[in-house]
Amino acid sequence: MTETPAASRAQSRERMGFVIGLYAVVLALLAAPLVAVVVPPLGDYPNHLARIHVLARYADSAPLRANYAVVWKLSPYLGMDLLAPMLANIVGIYAAGRLFLFLCLLQIVAGVAAIHAALYGRLSAWPAAGAIFAYSLVMDFGFANYLFGIGIWLLAFAGWIWLSRRGIAWRLVGGSLLSFAVFFSHYFALAGYMICVGAYELGVWLTSGKRDLRALVARGAIAFCPFIAPLILVALASHGQSGGVTSYGDPAFKLYALLSPVIFPSGGPNVAPAALLVVLGLLLLFPGRRRRLFGRLALAAPMRAPLAILALAALATPWVLSGVAWMDIRLPVALVWLLIASCEWREPSRRGGLIAAGVLVALLGLQMASIVRAWRPIGRQFDDFRAAAAVIPRGARVIAFRDDENIAPANRVAAFAYRHLPLLTVIERDAFMPTLFKEPMMSVQAAPALRDIDTPTGAPIELSQLIAGADPVKSPRMRGAVDQFGMRNYWGGWPNTFDYAVELSFGAHPNLPPQLRLVRSGAMFNIYRIARDASPIAAR
């Protein structure tokens with residue numbers, strides 16, 4: 001029986017309603033962990049949020065103006081710095097941070113769907129499966145700027161796929177706008193986007209049937225032109241960037257990086273991504289009734305080159321690049337999202353589609369529930385620290401330290417989530433923290449008077465470094481030295497340059513320098529006032 005046009009339109013509307021509804025459910029589930037806590041315990045995230053506080057409240061806070069300098073520049077770190085302060089002035093700093101994180105996830109989900117739509121000409125439910133990988137190791141490490149950059153990269157690449165079929169003027173003008181959008185979000189996202197654009201043009205040429213080398217050169221030249229100006233800006237913005245060692249690390253690091261899309265340490269067991277891969281393998285790769293019920297996956301031919309080249313780039317990326325660690329975890333998750341976007345789910349039955357959507361929602365729901373359960377106790381400890389920070393006077397200079405040698409073994413993995421907890425003193429007390437990220441590309445720097453006790457990048461120092469920094473003979477010679485990761489020694493002579501100290505405490509009970517006077521403590525921290533006169537060992 002022939003289907004009438006009216007019935008076809010009704011079926012199309014029903015299908016579109018199902019697709020939109022699925023994406024709405026997926027996005028609501030992704031938001032659940034961000035709603036469950038005030039400060040998501042995501043590695044570097046508190047550090048980035050502290051910078052946003054400085055930008056949002058700088059004009060209204062004399063202590064912030066005394067501690068920091070706001071230096072706007074054309075650099076590949078402006079996405080969060082432009083958007084989040086505006087949100088903070090409307091909804092407050094903590095809500096603004098969570099809204100920004102959700103925007104990152106929204107862009108990624110939309111980017112995967114947009115690439116698929118650009119390749120196949122329709123909005124599909126299949127790319128929603130990419131949401132399973134949203135809470136990856138990149139998210140756990142709190143790489144907020146890069147998460148934003150990935151989202152812009154994916155959306156821009158969808159735009160380029162569309163432009164690639166248009167005339168030269170469209171590609172030059174539209175491509176320039178897209179490349180600038182990615183540039184202002186993150187420099188490494190710009191590198192990934194460049195790889196995708198160049199490799200896609202190669203893939204289109206390889207599948208065109210006409211292997212004219214001149215046509216390939218022409219397509220490549222047109223694709224490269226929109227990147228000329230952003231690359232010049234990258235070179236100018238990186239001038240003076242603090243450098244450091246480049247290292248591939250232990251082979252185990254590379255395996256860890258390759259598994260990063262399915263790893264999320266702060267959220268408990270992250271079985272959903274692996275389970276999804278197993279389910280897809282069982283349902284889509286085996287012949288017989290399962291294939292008739294669930295259809296099959298097919299890969300867009302022009303995407304073979306981008307996926308292969310990006311995979312090689314992921315393998316080639318070192319663990320530490322010019323002092324910046326964990327560079328090699330950044331491409332694998334983008335590769336997974338591009339793989340999902342590049343596949344078409346063909347010939348599924350209505351029943352099979354509903355079952356697959358139900359499995360996706362169930363897996364994602366279990367994953368988000370596990371993260372919420374793991375985050376809530378950590379979130380309460382973050383809240384306790386925020387309240388305890390009230391003991392620190394506004395504008396005080398604060399140094400943070402930890403005792404890695406004597407830490408309880410059970411706390412070693414959990415300790416990473418608290419790494420930048422002391423940076424909340426910037427938000428709560430407008431304090432000066434030397435470990436606030438202040439690479440030359442960034443919009444916040446230390447005030448000129450405090451640059452002698454500052455570092456462009458770093459983390460809480462170890463107890464042994466704190467003790468050495470209190471030595472009146474050795475400490476003056478220590479300050480200013482730069483380690484292999486680009487961290488500058490700011491703690492030499494700290495008893496005379498800082499006002500308060502925050503100890504990240506994970507079960508260790510060391511003897512402390514006599515200048516530290518305990519004023520407040522919590523489950524994972526101690527706060528000390530720094531006495532200028534020598535006195536007995538700090539009481540606990």
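On a predicted model such as this, the values are computed, not experimentally measured, just so you know. Numbers here are sequence positions counted from 1.
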Looking only at atom types and distance, does a side-chain atom of K254 sit under 3.5 Å from a main-chain N or O of Y248, one as donor and one as acceptor? no

Consider only side-chain N and O atoms of W345 and S124, and report whether a donor and an acceptor are under 3.5 Å apart. no

Can the ring centres of W319 and F253 be said to be less than 6.0 Å apart? yes

Hey, can you tell me if F180 and F183 have their rings parallel, tilted or perpendicular (30° and 60° cut-offs)? perpendicular

Can you establish whether the number of heavy atoms outside W170 located under 6.0 Å from its atom CH2 is more than 12? no

Has R214 got more than 12 heavy atoms of other residues, nucleotides or ligands less than 6.0 Å from its CZ? no

Is there a donor-acceptor pair under 3.5 Å between the side chain of K73 and the backbone N or O of P440? yes

What pairs with A110 under side-chain contact (heavy atoms from CB on, under 4.5 Å), at least two apart in sequence or on another chain? L155

Short side-chain donor-acceptor distance under 3.5 Å, R219 and S164: yes

So, the side chain of S136 versus the backbone of V333: is there a donor-acceptor pair under 3.5 Å, distance only? no

Applying ring-ring contact (aromatic ring centres under 6.0 Å, His included) to F437 and not counting sequence neighbours gives H48, H420

Answer with yes or no after comparing the ring centroid distance for Y418 and F382 against a 6.0 Å cut-off, counting only values under it. yes

Is the distance from the ring center of F133 to that of W337 below 6.0 Å? no

Apply ring-ring contact (aromatic ring centres under 6.0 Å, His included) to F143 and Y45, showing your working. CA-CA 7 Å; F143 293 167; Y45 170 72; over 10 Å; no

Answer yes or no: is there a donor N or O on one side and an acceptor on the other, between the side chain of Y135 and the main chain of Q367, under 3.5 Å? no

Examine distances only and state if a side-chain atom of Y120 and a backbone atom of S342 form a donor-acceptor pair shorter than 3.5 Å. yes

Without swapping roles, check the side chain of Y23 against the backbone of A113 for a donor-acceptor pair under 3.5 Å. no

Could you pull out all residues at least two apart from M327 that satisfy side-chain contact (heavy atoms from CB on, under 4.5 Å)? Y187, F188, T317, L321, V324, R330

Aromatic ring proximity F148/F100, centre distance under 6.0 Å: yes

Quick one: do the Q107 and W153 side chains pair a donor with an acceptor below 3.5 Å? no

CD1 (I168) with more than 12 external heavy atoms under 6.0 Å: no

Cation-pi check, R166 onto W162 ring (under 6.0 Å, within 45° of axis): yes

Donor-acceptor under 3.5 Å (R171 side chain, R165 main chain): no

